[in-house]
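Every chain is numbered from 1, with letters handed out A, B, ... down the list of sequences. Values reported hereafter were calculated over all heavy atoms of this structure, with side chains retained and with hydrogens, waters and symmetry mates removed.
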Amino acid sequence: MTNPAIIFRPTAPFDFNLTAGYLTYFRGQYGSDSLDDGAYRRLLDLQGKLVLATVRCLGTVDAPELAVELAGDSLTPAGGEAAALRVSWLLGADAPLNDFYALAQADPVMSGLTVQFRGLHLPHTASVFEALVLAVLGQQISTNVARVIRTLLIETYGPRQTIGGATYFAFPRPETLAAASVEELLRLKLSGRKAEYIQGIAQVAAERDAGLESLQELPDDAVVARLTALRGVGLWTAQWALVRALGRPDVFPAGDLALRRAVSRLYFGGATVEERQAEEFSRRWSPWRTYATLYLFTALRLGVAV
DNA sequence: ACCCAGGCATTGG
DNA sequence: CCAATGCATGGG
């Protein structure tokens with residue numbers, strides 16, 4: 001069954017194709033998300049109910065309007081509202097980009113990126129759990145390998161729903177991964193250690209009632225302290241959770257090799273940039289370092305001047 | 001056959 | 001406190 005579309009307005013400027021493209025790594029399909037012919041699709045897991053959201057942009061970058069169409073079981077009006085809120089969060093629709101753009105004016109390189117990628121918002125994950133698991137499985141390995149493993153994880157353990165002849169996957173639930181043995185997880189081409197990490201994180205997320213999802217009120221430092229107490233979660237992983245799951249605006253994961261490479265090429269003529277140096281350099285973008293991170297990564301992914 | 005990749009925990013100075 | 005090491009796997 002399909003319900004009438006729900007319309008909502010993101011904060012302008014909002015470039016739908018660029019934002020959903022970033023979310024799918026500019027590959028059309030990435031894990032649980034797809035962007036196909038102007039339609040962003042994701043199977044939402046709303047309190048255990050699976051709902052396929054199909055999102056299209058009706059307006060322009062400066063007057064954006066998104067239409068969310070829902071399909072799935074037992075849709076209620078309240079469910080429709082929750083689905084629209086979830087979609088809005090996933091696409092980072094409320095980001096105050098203009099504040100970041102104003103700050104970037106003082107920096108010709110970053111300013112250039114904000115012009116090229118004008119309207120790119122920061123996509124979020126549906127949960128802290130999802131952000132942590134994705135970050136852990138991406139530790140140290142190349143993005144290609146991470147993509148293979150992520151796909152295996154989602155298609156092996158994610159809740160699935162077939163709609164209109166196509167099968168869609170939501171991100172695996174904590175209780176599912178907590179119930180899987182480390183031995184089973186090893187079949188996902190994870191290292192033994194990462195299988196343990198993910199299993200442990202899933203147990204924490206599943207057992208303590210929403211312990212991982214109650215970090216919203218804590219300041220960044222406290223969130224990092226809480227998360228790095230988990231085995232397998234270091235500063236880099238915790239920072240990605242701050243960025244992806246909590247949408248904190250002033251985070252710069254200076255330990256990230258690719259991020260430092262982008263800084264090196266764009267600002268230091270390719271010379272090696274150490275973590276400490278990158279952290280100091282990033283202060284020029286505070287209090288909007290998260291968006292600087294996003295735009296630098298986009299430059300990398302699209303191969304723009306990097 | 002190597003070496004590296006969007007880290008981390010562990011071990012040994 | 002800092003350096004070295006192993007980790008799974010796909011691509012160069």
Applying side-chain hydrogen bond (donor to acceptor under 3.5 Å, both in side chains), can you list everything that pairs with A:R160, at least two apart in sequence or on another chain?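 Result, side-chain hydrogen bond (donor to acceptor under 3.5 Å, both in side chains) vs A:R160: none returned.
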* With sequence neighbours left out, write down each residue that passes side-chain hydrogen bond (donor to acceptor under 3.5 Å, both in side chains) with A:T167, or none if nothing qualifies. =>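 Per chain and number, A:T167 pairs via side-chain hydrogen bond (donor to acceptor under 3.5 Å, both in side chains) with A:T162.
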* Go through the steps to decide whether A:E279 and A:R289 satisfy the test salt bridge (Lys or Arg N to Asp or Glu O under 4.0 Å), and finish with yes or no. => CA-CA 10 Å; A:E279 152 64 28; A:R289 280 184 279 188; 3.7 Å; yes
A correct 5'-to-3' footprint of nucleotides 7-12 of chain B, with B, S and - meaning base, sugar-phosphate only and no protein heavy atom under 4.0 Å, is BBBS--
In whole Å, I'd like the distance from the [atom1] atom of [X] to the [atom2] atom of [N].
X: A:E274; N: C:dC2; atom1: CD; atom2: C1'; result: 13 Å
X: A:R187; N: C:dA8; atom1: CZ; atom2: P; result: 16 Å
X: A:L152; N: C:dA8; atom1: CG; atom2: C1'; result: 13 Å
X: A:R244; N: B:dG6; atom1: CZ; atom2: P; result: 16 Å

Can you run down the salt bridge (charged side-chain N to carboxylate O under 4.0 Å, His left out) pairs that involve residues 29-38 of chain A, sequence neighbours left out, and say none if there aren't any?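 For residues 29-38 of chain A, and leaving out neighbouring residues, the salt bridge (charged side-chain N to carboxylate O under 4.0 Å, His left out) pairs sorted by first residue read A:D33-A:R42.
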Practice task
Name every residue in residues 23-34 of chain A that has at least one heavy atom under 4.0 Å from any atom of DNA chain B, in order of residue number, or write none if there are no such residues.
Solution key: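 Residues of residues 23-34 of chain A under 4.0 Å from DNA chain B: A:Y25.
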Might you list the N or O atoms of the protein lying below 3.5 Å from N or O atoms in nucleotides 10-12 of chain C, with each pair's distance?
{"from": "C:dG10", "atom 1": "OP1", "to": "A:K189", "atom 2": "NZ", "distance (Å)": "2.9"}

Donor-acceptor pairs under 3.5 angstrom involving side-chain atoms of residues 175-192 of chain A: please list them, not counting sequence neighbours.
{"from": "A:S181", "atom 1": "OG", "to": "A:E184", "atom 2": "N", "distance (Å)": "3.1"}
{"from": "A:E184", "atom 1": "OE1", "to": "A:S181", "atom 2": "N", "distance (Å)": "3.2"}
{"from": "A:S191", "atom 1": "OG", "to": "A:K194", "atom 2": "N", "distance (Å)": "3.2"}

*Base, sugar-phosphate, or nothing for A:I149, non-hydrogen atoms under 4.0 angstrom?*
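No contact at all - A:I149 keeps every heavy atom at 4.0 Å or more from the nucleic acid.
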Besides A:L50, the hydrophobic cluster formed by Ile, Leu, Val, Met, Phe, Trp and Tyr side chains linked at under 4.5 Å, directly or via other members, contains A:L43, A:L52, A:I163, A:Y168
Do A:T125 and A:R244 get their side chains close enough for a donor-acceptor pair, meaning under 3.5 Å? no
Q. With a 3.5 Å cut-off and no angle check, do the side chains of A:D94 and A:W89 form a donor-acceptor pair?
A. no
Note to self: Using 30° and 60° as the class boundaries, would you call the ring planes of A:F129 and A:F171 parallel, tilted or perpendicular?
What the structure shows: perpendicular
task: Quote, to the nearest angstrom, the C1' distance that separates B:dC3 from C:dC7.
output: 15 Å
**Prompt:** Between B:dG6 and C:dC2, how far is it from one P atom to the other, in whole Å?
**Reply:**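 The answer is 26 Å between these two P atoms.
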Below 3.5 Å, can you tabulate the donor-acceptor pairs from side chains in residues 60-67 of chain A to any protein atom, sequence neighbours excluded?
{"from": "A:T60", "atom 1": "OG1", "to": "A:D62", "atom 2": "N", "distance (Å)": "3.4"}
{"from": "A:T60", "atom 1": "OG1", "to": "A:A63", "atom 2": "N", "distance (Å)": "3.0"}
{"from": "A:D62", "atom 1": "OD1", "to": "A:R118", "atom 2": "NH1", "distance (Å)": "3.4"}
{"from": "A:D62", "atom 1": "OD1", "to": "A:R118", "atom 2": "NH2", "distance (Å)": "2.8"}
{"from": "A:E65", "atom 1": "OE2", "to": "A:R9", "atom 2": "NH1", "distance (Å)": "2.9"}
{"from": "A:E65", "atom 1": "OE2", "to": "A:R9", "atom 2": "NH2", "distance (Å)": "3.1"}

Pairs under 3.5 angstrom only: tabulate donor-acceptor contacts from the side chains of residues 234-241 of chain A to other protein residues two or more places apart or in another chain.
{"from": "A:W236", "atom 1": "NE1", "to": "A:D256", "atom 2": "OD2", "distance (Å)": "2.9"}
{"from": "A:T237", "atom 1": "OG1", "to": "A:Q139", "atom 2": "NE2", "distance (Å)": "2.9"}

Note: contacts of residues 279-287 of chain A with DNA chain C (heavy atom, under 4.0 Å) are none
**OP:** With sequence neighbours excluded, tell me which residues meet ring pair (Phe, Tyr, Trp, His ring centres under 6.0 Å) with A:F268.
**Re:**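 Only A:F281 meet the ring pair (Phe, Tyr, Trp, His ring centres under 6.0 Å) criterion with A:F268.
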Is there a donor-acceptor pair under 3.5 Å between the side chain of A:E280 and the backbone N or O of A:S282?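 Not confirmed, A:E280 side chain does not pair with A:S282 backbone.
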